[in-house]
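Written out below as structure tokens is the structure these notes cover.
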Amino acid sequence: MAEKTAANIGFEKQIWDAACVLWGHIPAADYRKVIIGLIFLRYVSAAFERKFNELKNDPYSDAEDRDEYMADNIFYLPKESRWETIAEAAHTPEIGKVIDTAMRFIESENKTLNNVLPKNYGSQDLDKRVLGEVVDLFTNMDMTDTSDSKDLLGRTYEYCIQQFAAYEGKGGGEFYTPASIVKTLVAVLKPFDNCRVYDPCCGSGGMFVQSVKFLEAHSGNRDHISVFGQESNSDTWKMAKINMAIRGIEANLGAYQADTFFNDLHKNQKFDFILANPPFNLSNWGQDKLLEDVRWKYGIPPAGNANYAWIQHMIHHLAPNGKIGLVLANGALSTQSSGEGEIRKNIMEADMVEGIIAMPTQLFYSVTIPVTLWFISKKKKQVGKTLFIDARKMGYMVDRKHRDFTQEDIDKLADTFAAFQAGTLEPVQGFCAVATTEEIAKQDYILTPGRYVGIEEQEDDGEPFEEKMTRLTTELYGLFEESHKLEAEIKRKLAAIGYGQ
């Protein structure tokens, strides 16, 4: 049995709970940057320290040789950026300035992080006594094993992003897609060795993290996956850059944040896998300035909703055997307004929609509306057919407001897709069905899974019909009688206080 450590008994929550001492001592908008910056700084420093000690004990090596660190994909840190310098200053009035200086030196040594790291620790709004306590917390983390620590810090980062999303509500959805949704997309698509993965609205980079995890779990090489992304929000783009650095993932997210529709940073690139959670029903996205765009192969998307602009942008970037997994609000399944129905028809007639999964409500922190997962493929294994899955009853409630999937739920969806692709799927009424393009055309190309999977069969309880109807009718009349008694009692009490008829 594995030894229990802080890492496997909820270390992430311990970090979050302890770091919450900052609440009330810093503006909420800055809190996320403060914690994420410290997580990053602690990890890169721990990795550096381990390599530094290894080189220092080797008589043939120079512990200050930058090339030694680059060879192992480790950030070289000047003395001003090492955690020992920060820890020593934890309980001094200068701690904020010390951390800001550490961030600047890291950026100067690592050009990919230029102007990315937070440098707001010296702000007068941040209580330096409280900041020192949080520094102590990170100092006392067990960082003896760099590889384990990378996962530990990565998991902590991911957990904190999730908590920020919950705390920030609607705004949180801009940078965090629930893990259950990301894992489902990846489990169905199954990214393989030597593939190129792209997310045109990458948020904090969760799609990339899960793709790399999937590859590693299936005996692939994490270095054999090329990651490309783009993000229009400056803070979120920086968060993604930090996330990739913590995870050790080489990613081309562009040199700056940029609007995907107006400044496609990967304009001439094609990708094997595209995973995305674009903003739901985005309006005023600039359609009037992009009417002649080459991406609108299946029709010009309406000005008031970018859903089909996102879909066509992704199709445009697909490699010859490429696949897409994306999240959309349910309205995209059936809308006929402003030409969207015609675009959907054209995409279906091109035989590109491989499958649709209707997801439950309450998976997102930002919205409660149900969403749908679309799977689009350039070369479908089942030509002329589309898989529909109704997963609205799957998952479990984490708390009163939020739902999540178990690994068994995710495996069930992925296995259903695999069986469909292999031609061995047996339809299950109320859960999954396969429809031909001709059958979908008869439904006006509406892709709502419920139209195809039907209603779940109810298990026969063995009670004869006549007996059941007699019992239920008796119960119903009993309820009617009780209702009349309650009505009479209410009228009597109202009359007693002068409000009776």
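Numbering starts at 1 and runs along the sequence shown.
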Is the backbone of [Y] close enough, under 3.5 Å, to the side chain of [X] for a donor and an acceptor to pair up by distance?
{"X": "Asn110", "Y": "Leu113", "answer": "no"}
{"X": "Lys190", "Y": "Ala187", "answer": "yes"}
{"X": "Asp351", "Y": "Gly384", "answer": "yes"}
{"X": "Gln287", "Y": "Pro301", "answer": "yes"}
{"X": "Trp374", "Y": "Ile324", "answer": "no"}

In terms of side-chain heavy atoms, does [X] have a donor or acceptor partner in [Y] at a distance below 3.5 Å?
{"X": "Glu340", "Y": "Thr335", "result": "yes"}
{"X": "Asn233", "Y": "Asp235", "result": "no"}
{"X": "Asn330", "Y": "Thr372", "result": "yes"}
{"X": "Ser180", "Y": "Asp404", "result": "yes"}
{"X": "Asn321", "Y": "Asp272", "result": "no"}

Legend entry - Residue pairs, two or more places apart or on separate chains, that pass ring-ring contact (aromatic ring centres under 6.0 Å, His included) and touch residues 321-355: none
Whether [X] and [Y] hold their rings parallel, tilted or perpendicular, with breakpoints at 30° and 60°:
{"X": "His266", "Y": "Phe271", "result": "perpendicular"}
{"X": "Phe192", "Y": "Phe273", "result": "perpendicular"}
{"X": "Trp310", "Y": "Phe261", "result": "tilted"}

Do you know the tightest heavy-atom contact between [X] and [Y]?
{"X": "Leu318", "Y": "Lys378", "value": "O-NZ, 3.5 Å"}
{"X": "Lys380", "Y": "Thr386", "value": "NZ-OG1, 3.7 Å"}
{"X": "Gln421", "Y": "Lys323", "value": "NE2-NZ, 4.2 Å"}
{"X": "Met394", "Y": "Arg403", "value": "O-NH1, 3.3 Å"}
{"X": "Glu107", "Y": "Leu117", "value": "OE2-N, 2.8 Å"}

Legend entry - Carboxylate-amine/guanidinium contact Glu354 Lys381, below 4.0 Å: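 No salt bridge links Glu354 with Lys381.
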Legend entry - Asn284 atom CG, neighbour heavy-atom count above 12 within 6.0 Å: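 Counting other residues, nucleotides and ligands, CG of Asn284 stays at 12 neighbours or fewer.
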Inset, instruction - Provide the full list of salt bridge (charged side-chain N to carboxylate O under 4.0 Å, His left out) pairs with a residue in residues 294-310, sequence neighbours left out, each pair given once. - result: Asp293-Arg295
Legend entry - Sub-6.0 Å ring centroid separation between Tyr76 and Phe48: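 Yes; Phe48 has its ring centre under 6.0 Å from that of Tyr76.
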